[in-house]
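One structure is given here, and the rest of the page talks about it.
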Amino acid sequence: MWLFRDRTDGMPTLRALNAYRGESREFKYLSSKIHVYPKDFEGTRLARPKYLHMCTIAERATRVLQEIREVGDWHPVLVYEPFEGVCTPQEYPKLAAIMSDIDILSPNAEEALRMLGIPLPVTTTKVEEAATAFVKAGVKMCVVIRCAGLGAYALETGASGRGFWTPAFWAEDDIGKIVDVTGAGNSFLGGLSAGLEKSGGDVKEAILYASVSASFTIEQSGLPTVSQAAPLPGKELWNGDDPYRRLKDLRSRTNGLQE
């Protein structure tokens, strides 16, 4: 589902450059941004969604939170992905100040460690340490740290305090399947939101949806190809594969590994 808006400032459509050099990534905007806020969607079919994914700096997240409060009868599940350019110890207090309004915090592993001043390289122990620190800072539902080939680590809040790892769908032996990781984080968090809705809020099940969603995004440059399964009208195939087959496959691989 897409919503297109015409620019009125005479500037071109937003474009950006992702440059990968080995394990390092450089990102920069090539044209000026138009920031999007909840009020921009009023009167459209995207107004007041049940789940809201933000990838921004803490100051703009604060404005988003304020606009949500002004609506009054809208209480979305907020999935917050910190903007990578401000994932530093100096900026972290701004995030900590709004943590109690965030349902799900999901940085990638390097961002998480940088924010907390934990030295690289990424290890499972350091990731678990970072997740614990974010939970203690007050996030409402859970922390999900995306760790590329290591999978994802989730730590829930509340009485359960459940922490668990979920493997990436594509393992090290499947390196040939990975073409372009651009957009993997966004598709992961979109899949996470869909999984929460379909599972009635089960974080462990939702992360399976998230991992499968990301698996299709990284198989090519650009978007996956969606087609209809000929013998089954209405059944979608993504890149020629059934998403629910992948979900079942990952679930079977994960059983017994997460606790």
Side-chain angles (χ1 to χ4, degrees), residues 1-3 36 38 41 45-56 61 64-65 68-69 71 73-82 95 98-109 111-112 127 130-131 134-135 137-147 151-169 183-218 224 236 238 242-255 257-259:
M1 184 181 294
W2 304 87
L3 177 65
V36 179
F41 298 107
R45 58 183 177 173
L46 298 184
R48 306 185 188 185
K50 187 172 180 179
Y51 297 88
L52 187 63
H53 167 216
M54 299 185 290
C55 180
T56 187
V64 171
L65 292 168
I68 291 172
R69 295 188 191 99
V71 172
D73 58 349
W74 179 34
H75 305 284
V77 175
L78 290 172
V79 181
Y80 183 54
E81 177 185 1
L95 173 58
I98 62 170
M99 197 78 82
S100 61
D101 292 308
I102 297 169
D103 294 287
I104 300 173
L105 176 69
S106 184
N108 68 34
E111 293 165 349
V127 167
F134 292 137
V135 166
V139 67
K140 291 199 291 187
M141 182 187 299
C142 68
V143 174
V144 181
I145 299 181
R146 296 167 282 112
C147 305
Y153 179 71
L155 181 61
E156 295 178 292
T157 62
S160 73
R162 180 175 60 169
F164 53 89
W165 283 90
T166 301
F169 184 83
N186 288 315
S187 60
F188 181 98
L189 294 175
L192 180 71
S193 299
L196 287 169
E197 176 67 14
K198 287 180 170 290
S199 67
D202 186 330
V203 174
K204 182 183 287 189
E205 179 72 5
I207 293 178
L208 299 178
Y209 280 81
S211 183
V212 167
S213 177
S215 76
F216 286 106
T217 298
I218 64 178
E236 285 187 350
W238 288 49
D242 181 355
Y244 287 98
R245 185 205 66 77
R246 289 195 185 184
L247 183 66
K248 182 178 180 181
D249 178 18
L250 185 59
R251 189 183 291 121
S252 67
R253 288 159 45 193
T254 303
N255 285 341
L257 296 179
Q258 289 181 319
E259 299 296 347

- Message: On a heavy-atom basis, which atom in Gly161 and which in Leu155 lie closest, and how many Å separate them?
- Response: O-CD1, 3.7 Å
- Please confirm whether Lys204 makes a cation-pi placement over Phe164, using NZ or CZ under 6.0 Å from the six-membered ring centre and within 45° of the ring normal. yes
- Message: Less than 4.5 Å apart, side chain to side chain, heavy atoms only: is that true for Glu111 and Arg146?
- Response: yes
- So which heavy atom on Pro82 is nearest to which on Leu105, and how close? CG-CD1, 3.9 Å
- Item | Test side-chain contact (heavy atoms from CB on, under 4.5 Å) applied to Tyr209 and Leu196, step by step | CA-CA 9 Å; Tyr209 280 81; Leu196 287 169; over 6 Å; no
- Task: List the steps, then state whether side-chain contact (heavy atoms from CB on, under 4.5 Å) holds for Lys140 with Leu78.
- Result: CA-CA 10 Å; Lys140 291 199 291 187; Leu78 290 172; over 6 Å; no
- What heavy-atom pair brings Gly195 and Ser199 nearest, and what distance separates the two atoms? O-OG, 2.7 Å
- Note on the structure: So CH2 of Trp238 and CZ of Arg245: to nearest 0.5 Å the spacing works out to 15.0 Å
- With a 4.5 Å limit on heavy-atom distance, are the side chains of Pro76 and Asp103 in contact? no
- Item | Option from Leu95, Thr157, Ile98 for which side-chain contact (heavy atoms from CB on, under 4.5 Å) with Val139 holds | Thr157
- Task: Evaluate side-chain contact (heavy atoms from CB on, under 4.5 Å) for Leu52 paired with Ile68, printing each intermediate quantity in order.
- Result: CA-CA 10 Å; Leu52 187 63; Ile68 291 172; 3.8 Å; yes
- Query: Between Pro243 and Phe216, is any pair of side-chain heavy atoms under 4.5 Å apart?
  - Reply: yes
- Reported CD1-to-CD distance for the pair Ile104 and Glu156, which is rounded to 0.5 angstrom: 9.5 Å
- Item | Smallest separation among heavy atoms of Ser106 and Val144, with atom names | OG-O, 2.8 Å
- Message: For Asp73, is there an ion pair with Arg48 - N to carboxylate O distance below 4.0 angstrom?
- Response: yes
- Would you please classify the geometry between the Tyr153 ring and the Trp165 ring as parallel, tilted or perpendicular, with 30° and 60° separating the classes? tilted
- When every non-hydrogen atom of Ala214 is compared with those of Ser187, the smallest separation belongs to CA-OG, 3.4 Å
- Can you find a heavy atom in the side chain of Thr254 that is under 4.5 Å from one in the side chain of Ile207? no
- Give a yes or no on whether the backbone of Val212 and the side-chain of Ser215 come within a donor-acceptor separation of less than 3.5 Å. yes
- Just wondering, do Val79 and Ser193 contact through their side chains at under 4.5 Å, heavy atoms? yes
- Is the side chain of Ser252 donor-acceptor paired with the backbone N or O of Asp249 at a distance under 3.5 Å, no angle test? yes
- Task: Using a 4.5 Å cut-off on heavy atoms from C-beta on, say whether the side chain of Asn186 contacts that of Glu81.
- Result: yes
- Heavy-atom distance under 4.5 Å between the side chains of Lys198 and Leu247, does that happen here? no
- Any donor-acceptor pair under 3.5 Å from Arg253 side chain to Phe169 backbone: yes
- Task: With sequence neighbours left out, write down each residue that passes ring pair (Phe, Tyr, Trp, His ring centres under 6.0 Å) with Tyr80, or none if nothing qualifies.
- Result: none
- Grab the two heavy atoms, one from Ile218 and one from Ala184, that are nearest each other, plus how far apart they are. CG2-CB, 3.6 Å
- Message: When you compare the side chain of Phe188 with that of Thr217, does any pair of heavy atoms fall below 4.5 Å?
- Response: no
